[in-house]
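Okay, structure first, notes after.
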Amino acid sequence: MADVVRVRFAPSPTGDIHIGNLRAAIHNFLFARHEGGKFLLRIEDTDKERNTPQAIASLLDYMAWMGLDFDEPPVYQSKSLAMHQEAAERLLKSGHAYRSTKGAEGKGEAVVFRLNFDVSYTDIVKGPLTKSAADLKDFVILRSDGTPTFHLANVVDDIAMGITHVIRGDDHVENTFKHVPLFRALGAEPPKYAHLPQIVNDKGKPLSKRDGDVNVGEFRAKGYLPDALFNALALCGWSPGDDREMMTREEMIAAFSLERVRPSPARFDYRKLEWFNSQYIARMPAGKLRELLEGELAAAGLDTSGRDARWWDALLDPVRPRLKTLKDFVPLVRTFFEPPETYDPKDVRKHLDEGNGRRVLEGLAAVFGAVADWTAQSAGTALQKYAEEKGLKFGDAAQPLRVALNGRAVSLPMDVTLFLMGKDEVLARIRRCLQRAGAAGT
RNA sequence: GUCCCCGUCGUCUAGAGGCCUAGGACAGUGGCUUUUCAAGCCACCAACACGGGUUCGAAUCCCGUCGGGGACGCCA
């Protein structure tokens, strides 16, 4: 029972989660699940100004979105003030700490922890680490206003939560030389530590807003799937040791180990994330995908009420391989909701003016008009047959039609397009295009 | 400045002395396929930072150099 692994993700709720923190959360989660332990959330909400209720709500929302389910109710650090103060008091009594006014002009007395001895610990990722007394110095644990510093609060909370492994960013290695003796002074065995390499930008510096998207919210807003983000981030600094990259959560849990985390910094590869995302979209169950895509249409203000199951069934598969993100969807299907506002001049010239595109359109209008049961099959066949009869290559018929229907020579496959657009609309757009292109033509 | 950490293709990585003429993935390039655009398939391009050791043998161990990063708050 004492051996059960307990880890925590301890963000300060600023309203969004930085990708580096998210990766730490993911590794904590994977480790806990792999070990059959507990993954906990501690909200370090001691900075009153920045930590609004909305910020906390959105933090929880992102955790849920990512599927980072924690096993016990979140711990709010702000509620442990008395416990922190009590710990400082104990350290004072035991002689591990003393009161001092040094380093602050007239602020009053703070409680300072005595750190005048060598400290060493073994990091699971970095190996044995040592710092000699000469490079260490006493540090404040309780401010003169009675509030704990990060170090005290962190350690006391970890003790209270029974944390066995601290898995966090690389930038905390130096702090660990303060935390380890603090644990001991408080009569607790320090947890095991694993410091994850930083995620850096092209220049090797820590990721910042200037580098582009760095917060979970931004990825969600850009149409990335949580599973794709999870997969990509899990692989930041860690790999299963074989050649697998696309992995289910279960596979990652089964394969995860802190020993396999690399100690060197990693650049986040946005292109690879894009690839992961397209792969996840390609493999997503139809029902789930439809649900997400309906959300995209609604967000774009497009009315989906008339679109039945047949419509979605025809749409989903052709659309899948064309989506890198969910945001690619609306531009792809907007044409099924509203006619093109403009016709691409280049495409008009190439497919309508230069060839006999207009005659093709007239012919197609007649052919389509005669199709009784309008399906992707029947409409597609009608198009194909027309091309054959006129001795045209398929493209010579399809491209002018694309321009007429979409305003440009790019679209989903013609049979699907025809079906999804509907017979009446197809005929209307051909007519409309003929008028416009005719007026503008030579 | 002091202390600490890191260094394999452009990027993420596999590699824990011989299996490495260094493997995979993304990106890039070329081709195939094709109903446009995608997707898919195939191929190609491309790396052990440098210099010394140790060893029969080093990407792997040791030392140094160079390069990069981090930490040095009554911030977290």
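Chain letters run A, B, ... following the sequence lines, proteins first and then strands; every chain starts at 1.
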side-chain hydrogen bond (donor to acceptor under 3.5 Å, both in side chains) partners of residues 377-388 of chain A, not counting sequence neighbours, each pair once: T375(A)-S378(A)

Any side-chain N or O of R267(A) under 4.0 Å from OP1/OP2 of G69(B)? no

Taking atom types as they are modelled, would you say the side chain of T149(A) forms a donor-acceptor pair with the base of C74(B) within the 3.5 Å cutoff? no

Touch class at under 4.0 angstrom, heavy-atom based, for H151(A) against every strand present: base

Under 4.0 Å: is that the gap between some side-chain N or O of Q198(A) and OP1 or OP2 of A71(B)? no

Salt bridge between D317(A) and R320(A), side-chain N to carboxylate O under 4.0 Å? yes

Grab the N/O contacts between the protein and nucleotides 22-28 of chain B below 3.5 Å, and write none if there aren't any.
from   : atom 1 : to      : atom 2 : distance (Å)
G24(B) : N2     : E245(A) : OE2    : 2.9
A25(B) : O4'    : E245(A) : OE1    : 3.3
A25(B) : O2'    : E245(A) : OE1    : 2.5
A25(B) : O2'    : K272(A) : NZ     : 3.2
A25(B) : N3     : K272(A) : NZ     : 3.0
C26(B) : O2'    : K272(A) : N      : 3.4

On the nucleotide C72(B), are OP1 or OP2 found under 4.0 Å from the side-chain N or O atoms that K137(A) carries? no

Salt bridge flag under 4.0 Å for residues D227(A) and R249(A): yes

Please pick, from C74(B), C6(B), G70(B), the nucleotide with the shortest atom-to-atom distance to any side-chain atom of S264(A). C6(B)

By the 4.0 Å heavy-atom rule, please label G380(A) as base, sugar-phosphate, or nothing. nothing

Under 4.0 Å, counting only non-hydrogen atoms across every strand here, what does R262(A) touch: a base, just sugar-phosphate, or nothing? base

Nucleotide of U36(B), G70(B), C3(B) approaching Q399(A) most closely (side-chain heavy atoms): U36(B)

Tell me whether the side-chain N/O atoms of S239(A) come closer than 4.0 Å to OP1 or OP2 in A14(B). yes

From the set C3(B), A39(B), U13(B), return the single nucleotide nearest to any side-chain atom of A266(A). U13(B)

Hey, does the side-chain of E174(A) have a donor or acceptor N/O within less than 3.5 Å of a partner on the base of G70(B)? yes

Once you round to the nearest 0.5 Å, how far does CG of L30(A) lie from CG of L258(A)? 9.5 Å

Whole-Å distance between U35(B) P and L405(A) CG? 19 Å

Is there a donor in the side chain of D213(A) and an acceptor in the side chain of Y270(A), or the other way round, less than 3.5 Å apart? no

For residues 312-334 of chain A, which residue pairs pass the ring pair (Phe, Tyr, Trp, His ring centres under 6.0 Å) check, not counting sequence neighbours? none

Assess, by modelled atom type and distance only, whether the side chains of R168(A) and T176(A) contain a donor and an acceptor separated by less than 3.5 Å. yes

So what does P197(A) hit on the nucleic acid, given a heavy-atom distance under 4.0 Å: a base, only sugar-phosphate, or nothing? nothing

Using a heavy-atom cut-off of 4.0 Å across all strands, would you classify A398(A) as base, sugar-phosphate, or nothing? nothing

What's I141(A) touching, base or sugar-phosphate or nothing? Going by heavy atoms closer than 4.0 Å. nothing

